[in-house]
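Single-structure report; data block below.
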Number of protein chains: 2
Amino acid sequence: MVDSNQVPTRGPGRPPLRSEDETRALIIAAAARAFLETGYIRTGIDTIARDAGVSTRTLYRLFAAKEDLLKQAMEARIDAAFGSLDAARGTKADPRASLEALLSGYTDLALSDEAVRLTRLIAAEGQQVPALAESYRQATARITGAFEAWVREHQRNGFLRPGNTETAANLLRGTVNEAQRQILLGLRDAFAPAERRDWVKTSVALFLDGFAA
Amino acid sequence: MVDSNQVPTRGPGRPPLRSEDETRALIIAAAARAFLETGYIRTGIDTIARDAGVSTRTLYRLFAAKEDLLKQAMEARIDAAFGSLDAARGTKADPRASLEALLSGYTDLALSDEAVRLTRLIAAEGQQVPALAESYRQATARITGAFEAWVREHQRNGFLRPGNTETAANLLRGTVNEAQRQILLGLRDAFAPAERRDWVKTSVALFLDGFAA
DNA sequence: AAATAAAGAAAACAATGATTTTCCAAATTT
DNA sequence: AAATTTGGAAAATCATTGTTTTCTTTATTT
């Protein structure tokens, strides 16, 4: 090998303040913050650049257009927010505890401020930017899958009565999403943590009352 | 009494093409169409005026600003779409039939193209225009009420096992809203009518399996 | 020091959009 | 016919925005 390695020898001229990747990350973070706060259309490029501490010149050197910024910023956030559901939470020995863990994990995730804002943005822009809707779809598919897997397993081992797996999982997941929907649409305030715990317990109790064998 | 009545005697001058109320209605209809199709911000005043067949001059004589147009147009549509749930549908003698009627009525309503678009718009603009969110809240409160009333009544008469009424009603309504949410977010296509009927039957069957006494 | 590249500041550009104003062609009454 | 009102067409205003360009300062290497 020759020498060309880690630190590429620079020619003359001022070195970059930071690597391009760092600058990109700063911009993406600022963009995500602004988009989630104010919405895509209402957010100006200048605001993003100012918040990121760069000039629009730099911004446009790294991103082709505002819409690319939206895609990249949101994809990162969607993965971070919805990719994190720990499926292992639903595998405790005691079925009730395991369901509580699963539902409580998803509840924490789905009712977080971040997830509510993200989902609101998908509702508003998903039609216009199909790539966004697609990211969201992929990220949430894992969650649907986790619920169906839980139901199927507990139908198989006799804890739940047998029946339409998909519909039962839907019923279960629907309780959380219904809460998210109400927050999203301004029909109710966000849950306080304590309230959230009670709510999970109540929902699990009701579901098991109905569907435990 | 003197004479001043129905048809106020006009002075000289060209008479209006239509009454102000008719013109208002034309504009509101065009605005609602456009807002539901394209979203509030993306819809230009010129488009609305053109679709309504009036000039912007006329439009601004009758509406103070674009936002008033949004409020008035959406309030009318929200009332029309969500105010129409016939609570009487849930009062048949046979409890299963009565639940099917209630759920099917709400499903037709909530999964209609109109309701999905309306809800999407509330998600996008409800924060910025609180009056809108408020209309939506009021219109949908009746529906929540209808579900709770059904559950309460059938808990009382022994058809359903007793329990947390609100949570049970939530579970029930949640199934429909979850479907709406999936359409809204582009997670699935709209239901075909036949599919919708099957879906209601399945949901009712599952719910009653679980909660009938 | 001279040459050079990075990147902010700010202006320039072009488009769009909400709102207002001007001008004008009907349609009526007196 | 004269006076008068309605409301469309279109231009004018004024602000905002996405995007590009110019200018300038600064931190480097040779």
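Per chain, numbering begins at 1; letters A, B, ... match sequence-line order.
- Nucleic acid contact for B/Thr23: none, since no nucleic acid atom lies under 4.0 Å from a heavy atom of the residue.
- Look at CZ on A/Arg61: it is 14 Å from P on D/dT20, rounded to the nearest Å.
- Each of B/Glu20 and B/Thr56 was matched to the nucleotide of DNA chain D holding its nearest heavy atom; the match closer to the 5' end belongs to B/Glu20.
- Atoms OH (A/Tyr40) and P (D/dT16) sit 20 Å apart, rounded to a whole Å.
- Nearest to the side chain of A/Lys66, among D/dT22, D/dG18, C/dT19, sits D/dG18.
- Distance alone, capped at 3.5 Å, places no donor-acceptor pair between the B/Arg181 side chain and the A/Glu178 backbone.
- One finds a salt bridge joining A/Glu195 and A/Arg188 here, because a Lys/Arg side-chain nitrogen approaches an Asp/Glu carboxylate oxygen to under 4.0 Å.
- Rounded to whole angstrom, the span from the CG atom of B/Leu26 across to the P atom of D/dG8 amounts to 10 Å.
- Nearest to the side chain of B/Thr58, among D/dG8, D/dC23, C/dT19, sits D/dG8.
- Side chains of A/Arg24 and A/Gln72: no donor on one and acceptor on the other come within 3.5 Å.
- For A/Phe211 and B/Phe207, the ring centers are positioned 6.0 Å apart or more.
- At whole-Å resolution of the value, CG in A/Leu62 and P in D/dT19 are 14 Å apart.
- Considering A/Arg77, A/Glu125, A/Lys66, A/Arg117 as possible partners of A/Phe35, the one that fulfils the side chain to side chain contact (heavy atoms under 4.5 Å, CB included) test is A/Lys66.
- Put simply, CD1 on B/Ile41 is 10 Å from P on C/dA18, counting in whole angstrom units.
- The residue B/Arg18 sits close only to the backbone: its heavy atoms come under 4.0 Å of sugar-phosphate atoms, none of a base.
- Nucleic acid contact for B/Thr47: none, since no nucleic acid atom lies under 4.0 Å from a heavy atom of the residue.
- One atom, CZ of A/Arg57, and another, C1' of C/dA6, lie 8 Å apart when rounded to the nearest Å.
- In terms of phosphate contacts, A/Tyr60 brings no side-chain nitrogen or oxygen within less than 4.0 Å of OP1 or OP2 of D/dT20.
- With DNA chain C read from its 5' end, the first of the two nearest nucleotides for A/Ser55 and B/Ile45 is the one closest to A/Ser55.
- Separating the CZ atom of B/Arg50 from the C1' atom of C/dA18 is a distance of 15 Å, rounded to the nearest angstrom.
- Heavy-atom nearest nucleotides on DNA chain D were determined for A/Asp46 and for B/Val54, and the one closer to the 5' end corresponds to B/Val54.
- In this entry the distance linking CD1 of B/Ile48 with P of C/dG17 reads 12 Å, nearest Å.
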